[in-house]
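The basis for the numbers below is simple: all heavy atoms, side chains too, and nothing from hydrogens, waters or symmetry mates. Sequence lines set the chain letters: A, B, ... in the order given, protein chains first and strands last, and positions in each chain run from 1.
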2 protein chains.
Amino acid sequence: MDTETPGTAAVSADSARDLAELFRALADPGRIRIVGALADGRKNVGELAAAADLSESAVSHHLRGLRLMRLVRTEKEGRHVYYTMDDEHVFEIFRCGLDHVHHR
Amino acid sequence: MDTETPGTAAVSADSARDLAELFRALADPGRIRIVGALADGRKNVGELAAAADLSESAVSHHLRGLRLMRLVRTEKEGRHVYYTMDDEHVFEIFRCGLDHVHHR
DNA sequence: TTTACATATGAATAACTGTTCATATGTTTA
DNA sequence: TAAACATATGAACAGTTATTCATATGTAAA
């Protein structure tokens, strides 16, 4: 037995890494506003840039990260790319946090 | 009217900042393990260092941040300092995330 | 009252993150 | 076809973060 479980159930190193990564995905004001905008339905990069008050390049970089984590999904339409939230549970954590920030 | 609300309810810049800060508090594997250990009841710095597999100094630095955000509370006892979670809602968000990481 | 212990903290540093800028690709419009 | 548009991406840079190390403070034990 290793040093990982000192008595009662602790968070394993692996779970801790995964969970931290998940929270990190939401740990930026720009990404919060992007996800908040997507709460309202699918949006393209330009619309998200306007909603988050960021350059389209910055938004595109953020979306790349969210895409790699499979938190969002894309639909190409002509020269636009529409983004949609693709992880209901993360979306729920987001709403949960938003509640917290609003009610106090 | 400013550029902040493009149609439906968006996340304000202020809420986005606060919410990102909240998620950032949990966006580190060490802090995740610290909070996970505190789920089990109050712990002193040495116990938390063992649980999180970090130096006591590193843990102390993390605890300072959590303290400043009023996410944890302290009780001095002799030469030990015991830490307790002090924000039930953040704790709930933590558990919510942990569920997500475990069930899949 | 020394000595060891538990915790806190500042400084230094290495790694990471978010933004901008330049540029590339593919699509529509003129 | 040429020009404008929408998006993506790599490089560079500035700012932030997590850790370690040295050190300080206060408490308990010898």
query: Transitively linked via ILVMFWY side-chain contacts under 4.5 Å: A:V72 with A:Y82?
result: no
message: Measuring to OP1 and OP2 of D:dA6, would you say a side-chain N or O of A:Y82 lies under 4.0 angstrom away?
response: no
task: Would you mind reading off the distance between B:N44 atom CG and C:dC5 atom P, rounded to a whole angstrom?
output: 15 Å
message: In this structure, how many angstroms lie between the C1' atom of D:dA4 and the CD atom of A:E56, rounded?
response: 13 Å
field: End axis versus end axis in the helix from C:dT1-D:dA30 to C:dA30-D:dT1, the angle rounded to 10°, five pairs used at each terminus
entry: 20°
message: If only side-chain N and O atoms count, and only distance matters, is there a donor-acceptor pair under 3.5 Å linking B:S57 with B:S60?
response: no
field: N or O in side chain of B:R64 less than 4.0 angstrom from C:dT9 OP1/OP2
entry: yes
- prompt: At under 4.0 Å, does any side-chain N or O of A:Y83 touch on OP1 or OP2 of D:dA6?
  reply: no
- request: Quickly work out the B:H80 NE2 to C:dA4 P distance and round it to whole Å.
  value: 17 Å
query: For A:E21 and C:dT17, what is the distance between atoms CD and C1' respectively, to the nearest whole Å?
result: 14 Å
- request: Provide, to the nearest angstrom, the distance between the CD1 atom belonging to A:I32 and the P atom belonging to C:dG18.
  value: 12 Å
task: Check A:E75, A:R73, A:R67 against A:Y83 for a side-chain hydrogen bond (donor to acceptor under 3.5 Å, both in side chains) and give me the one that passes.
output: A:R67
message: Please check: side-chain N/O of B:R31 versus main-chain N/O of B:H62, any donor-acceptor pairing under 3.5 Å?
response: no
task: Please assess B:E47 against B:R42 for the test salt bridge (Lys or Arg N to Asp or Glu O under 4.0 Å), listing each intermediate value before the final yes or no.
output: CA-CA 10 Å; B:E47 291 168 336; B:R42 72 174 203 161; over 6 Å; no
- request: Summarise how protein sits on nucleotides 18-30 of chain D as a single string, 5' to 3': B when a protein heavy atom is under 4.0 Å from the base, S for sugar-phosphate-only contact, - for no contact.
  value: SBBB-----BSS-
